[in-house]
Amino acid sequence: MTKVTFLGGCRQVGASAVLVEQAGARIVMDYGTAFNGTQRVPLPTSTRNLTSVLSHAHLDHSGSLPLITGSQSHRVPMYSTKLTKELVKLLLMDMLRINGDSLAFERKEVQTLLQNTRTINYGQPVQVHPKVRFSLHDAGHIPGSASILVETEANGGGPARILYSGDLNTTDTRLVNGAQSLRRLGDLDLIIVESTYAREDHPSRRTVEETFVEASRSTLESGGTVLVPSFAVGRAQEILAVLNQHRHRGFDYPIYVDGMARKVTRIMQQHTKAFSGGPSLRKAAGEVRFIRNSSDRKAALDEPAIIVAPAGMLKGGTAQIYLRNIADDSRSSVLLVGKQLPGTPGAQLLESGEITLGGYHENPITIQVKAKVESFDFSCHVGRREVLEYLKQAQGNPTILTMHGEAASCETLAQNLRERFGFTAQAATCGQTLTFN
Ligand SMILES: [Zn+2]
């Protein structure tokens, strides 16, 4: 009998974790952290006979891994792509630096995790037990990201084939190609799918790119600064690739990259063969200026320029430093390129034109922003249309469980799958267990 248990990431974004058990072998797919929501870490699970597999580096999938794979008592191997390993190392160390006091693990657990990490390629099967194996398949979300296919052989029953989508995008971007059709994975018994944007349609990528470049151009031509607060992993590099694409069409302004986005770009530059937009990123990164210190920061603000800096929702990061400097300048603009979750400084800025700034060790202050503020949908998740189109291709009439989305998104996607395609589908709940054979 194959058993699947949802440990986290149900009806919320964050703390994703799903456990598959068969014949004594146990595989946990992701073990993330939530920065909002009711459940901050996944349910605990025994480390006995456990193998962990990581879909991608983002902390909502990886942030609690040291709790299980950092264990000294049972060695828990962690599998991921090579690029994901490099990125997760950077993100976990940064998380320790910023939030160390509130975490239930320390540097030594992260080091144990990294020592026990084995890197694999897309499509390379890993046999963890004579009856259980898994493989990674490009999920099109960020460089190095994967969906996870677990295949088990039940005693006296048929095999169970389980696909965990991880974060998924089927649209090609300048950085990564979208995930391929589900058909190539053959018959499936269970699909666990993300629901982040299952109630929204994204505009076309080309339209978003064009309007973003035009908004940048108009600010720069009037002598202002363009601040692009950006998520450090994936989004910042896509923005660099988009800007570079337009660079030789008369759009030739200095582009600066600061903070974690700079470090992540450096890592991706060393792995450009690992993702389709690698050559574009290499070219783009070769033409940007990396900011190392405060005098570089001052220089960036002294001329019409584009500055890409985390955090994407302006919750800390070097983007706050730039925003303080350009807030009073009506020629400048703040171009938001990611979703601004309710309660974040970015959402406040979009709604009110005011922003409350302050790092982890400072008193907060609220300032009026006279610079223009605009928002662009550069999502790297499937939207409503794409997720239905993707799942429609599924072979073998699988059961589908939805997760990684607000409750309404998870429920709407499950309902659409039942009503439109006749799938057995439901929104997963934390602690829920399904069995096969
Ligand atoms: Zn992600």
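Here the structure is a predicted model, which is why all the values come from computation and not from measurement. Atoms within a ligand are numbered from 1 in the order they appear, just like the ligands themselves. For reference, positions follow the sequence shown, starting with 1.
Side-chain polar atoms of T69 and S52 form no donor-acceptor pair below 3.5 angstrom.
Checking R289, R297, R292 one by one against D258, the salt bridge (Lys or Arg N to Asp or Glu O under 4.0 Å) holds for a single residue, R297.
Within the coordination shell of the Zn ion (ligand 1), defined by N, O or S atoms under 2.8 Å, C380 is absent.
Using the six-membered ring where Trp is involved, F376 and F378 have ring planes that are tilted, between 30° and 60° apart.
Atom CG of L149 sits about 12.5 Å away from atom OG of S165, to the nearest 0.5 Å.
Expressed to the nearest 10°, the angle at the Zn ion (ligand 1) joining NE2 in H56 with NE2 in H141 is 100°. Taking the Zn ion (ligand 1) as the corner point, the angle from H58 atom ND1 to D167 atom OD2 is about 170° (rounded to 10 degrees).
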